[in-house]
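Following: one structure in structure tokens, then a few remarks.
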There are 2 protein chains.
Amino acid sequence: METGRSGRAPRPQTRARREEILKAAVATFGAKGYHKGSLTEIADQVGMTHAGILHHFGSKDALLMEVLEYRDRSDVADLPDHHIPGGAELFRHLVRTAFLNAQRAGIVQAFVVLSAESVTDDHPARAFFESRYATLRGEVARAFRVMCQEQGINEPDTIDKAAASILAVMDGLQVQWLLDPAAVDLAEASEFAIEAIVAQVLSPRELPLGRA
Amino acid sequence: METGRSGRAPRPQTRARREEILKAAVATFGAKGYHKGSLTEIADQVGMTHAGILHHFGSKDALLMEVLEYRDRSDVADLPDHHIPGGAELFRHLVRTAFLNAQRAGIVQAFVVLSAESVTDDHPARAFFESRYATLRGEVARAFRVMCQEQGINEPDTIDKAAASILAVMDGLQVQWLLDPAAVDLAEASEFAIEAIVAQVLSPRELPLGRA
DNA sequence: CACAGGTTACTTACCGGACGGTAACCTCCT
DNA sequence: AGGAGGTTACCGTCCGGTAAGTAACCTGTG
């Protein structure tokens with residue numbers, strides 16, 4: 001019933017040990033996915049048995065949730081003053097993130113695999129990704145509104161589509177890049193696509209595509 | 001040893017039975033992913049035991065490969081004359097596909113889940129998706145080259161980035177749409193993003209993003 | 001046309017392995 | 001003393017795959 005609440009002192013090394021486990025879990029869930037990645041494989045990486053992991057996290061589901069929150073924390077941590085930028089600065093931040101991601105395939109893979117896996121039935125990470133995307137879309141949309149306001153533009157529908165598209169293109173490029181890093185330049189392509197979408201929001205142009 | 005090679009006639013109903021199984025497999029792999037989706041669950045949908053499925057397809061891996069090829073066949077089948085369009089027509093086709101996909105969540109989910117799952121270690125679908133993306137990027141790039149040539153533009157790097165981005169945004173939007181269909185309009189957002197990227201290729205513009 | 005023989009299309013039964021989770025136990029640290 | 005941080009052992013479940021058996025079906029032969 002109790003989860004360590006009002007329990008006695010945890011040892012000082014425990015915090016580091018848990019973080020070690022979380023890193024191993026990122027590696028394993030990234031390499032195998034959640035369902036195929038086993039607690040035993042994670043445990044091996046930190047020199048433990050799988051029962052030891054369960055002692056720390058209670059269940060595999062709980063470990064997954066902590067992994068996801070752990071990564072979110074790390075992402076926010078590298079923001080100056082933990083402040084989410086607005087306007088054009090947000091898009092510059094997204095481009096910087098893409099360049100950063102191009103050098104940490106392991107973490108990228110974990111999020112790619114888990115986010116897609118989360119759309120399956122009753123997946124424990126589903127609620128996490130649902131609210132994560134909702135939040136991110138909201139922030140991108142807010143940045144768009146700031147930029148549009150500065151230029152006297154107002155197209156809410158366009159902004160919503162663009163916000164989803166920005167996140168979508170970053171994710172989709174990650175999949176292609178992970179499948180064949182030589183064929184896709186994650187950073188450059190992300191930058192190009194983000195600029196293309198931002199440009200279309202700020203000064204939409206008719207296209208030679210027409211209706212079919 | 002022999003796999004029906006030069007064996008006697010298969011029964012006429014067998015073809016339909018196999019297609020039934022493939023459809024059930026799409027549903028199950030979409031709903032659960034490849035690793036968590038079991039042969040028993042597929043078998044239940046067609047009123048069989050899991051051993052019956054193995055009789056038809058040999059192994060779970062082989063079934064997966066047939067599922068992927070089966071879907072590819074269906075996609076090509078709805079192209080007029082089985083001819084891959086070039087130039088602007090290809091982009092119109094992609095937009096139409098997005099509108100079509102918005103009404104068949106099951107199939108979309110199967111491809112989203114399987115493509116992301118395929119980036120994991122030793123996944124049986126990895127080679128399939130690797131070559132699939134390479135082919136699709138090539139076709140989109142070809143369409144871009146046709147359009148650029150018509151307008152006297154020549155930027156191979158841009159075209160490669162744009163081709164990957166087009167596919168990426170379509171895939172990424174599918175993930176968000178599956179997680180929350182009410183929050184994302186798959187068809188409209190795909191159309192918007194495709195137009196934005198095509199526009200940026202045909203008449204690139206400097207942006208207010210600058211360097212960070 | 002009848003009737004074998006062989007093949008197809010399954011089922012039932014079983015195997016070996018992997019998995020998450022639990023319980024009991026030990027042993028340090030505080 | 002007693003909890004924190006493990007280990008070992010075990011359980012029940014589920015999975016893909018195989019082997020053996022069976023009924024239905026097709027086909028070549030007389």
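From a predicted model like this one, the values you see are computed outputs, not experimental measurements. Numbers restart at 1 for each chain; the letters A, B, ... are given by sequence-line order, proteins then strands. The figures that follow rest on heavy atoms only: side chains count, while hydrogens, waters and symmetry mates do not.
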Short side-chain N/O contact from [X] to OP1 or OP2 of [N], under 4.0 Å:
{"X": "Ser38(A)", "N": "dA18(C)", "answer": "no"}
{"X": "Arg17(A)", "N": "dA4(D)", "answer": "no"}
{"X": "His55(A)", "N": "dA4(D)", "answer": "no"}
{"X": "Arg11(B)", "N": "dT7(C)", "answer": "no"}

In whole angstrom, what separates [X]'s [atom1] from [N]'s [atom2]?
{"X": "Lys36(B)", "N": "dG16(D)", "atom1": "NZ", "atom2": "P", "answer": "12 Å"}
{"X": "Phe57(B)", "N": "dG17(D)", "atom1": "CZ", "atom2": "P", "answer": "13 Å"}
{"X": "Ile53(A)", "N": "dA4(D)", "atom1": "CD1", "atom2": "P", "answer": "18 Å"}
{"X": "Lys32(B)", "N": "dC15(D)", "atom1": "NZ", "atom2": "C1'", "answer": "13 Å"}
{"X": "Leu54(A)", "N": "dA4(D)", "atom1": "CG", "atom2": "C1'", "answer": "16 Å"}
{"X": "Gln13(A)", "N": "dC28(C)", "atom1": "CD", "atom2": "P", "answer": "14 Å"}
{"X": "Lys60(A)", "N": "dA18(C)", "atom1": "NZ", "atom2": "C1'", "answer": "11 Å"}
{"X": "Tyr34(B)", "N": "dC15(D)", "atom1": "OH", "atom2": "C1'", "answer": "11 Å"}

Open item on the list: Looking only at the side chain of Leu39(B) (C-beta and beyond, no hydrogens), which of the listed nucleotides dG21(C), dG17(D), dT22(C) gets closest?
Closed with: dG17(D)
- [ ] Answer with yes or no after comparing the ring centroid distance for His123(B) and Phe129(B) against a 6.0 Å cut-off, counting only values under it.
- [x] no
TODO: For Asp171(A) and Phe111(A), run side chain to side chain contact (heavy atoms under 4.5 Å, CB included): C-alpha distance rounded to whole Å, both residues' side-chain angles, the deciding distance at 0.1 Å, then the answer.
DONE: CA-CA 9 Å; Asp171(A) 289 353; Phe111(A) 257 73; over 6 Å; no
TODO: For Arg15(A), look at atom CZ and say whether over 12 heavy atoms of other residues, nucleotides or ligands are found less than 6.0 Å away.
DONE: no
Open item on the list: Would Val198(A) and Met147(A) count as a side chain to side chain contact (heavy atoms under 4.5 Å, CB included) here? Give the steps.
Closed with: CA-CA 10 Å; Val198(A) 172; Met147(A) 291 180 79; 4.2 Å; yes
Open item on the list: Over all strands shown, is Gly58(B) touching base, sugar-phosphate only, or nothing at heavy-atom distances under 4.0 angstrom?
Closed with: nothing
Task: Quiz item: cation-pi between Lys60(B) and Tyr34(B), 6.0 Å / 45° - done: yes
Open item on the list: Judged by each residue's nearest nucleotide on DNA chain D, which is more toward the 5′ side, Pro12(B) or His56(A)?
Closed with: His56(A)
Open item on the list: Any N or O donor-acceptor pair under 3.5 Å from the base of dG21(C) to the side chain of His50(A)?
Closed with: yes
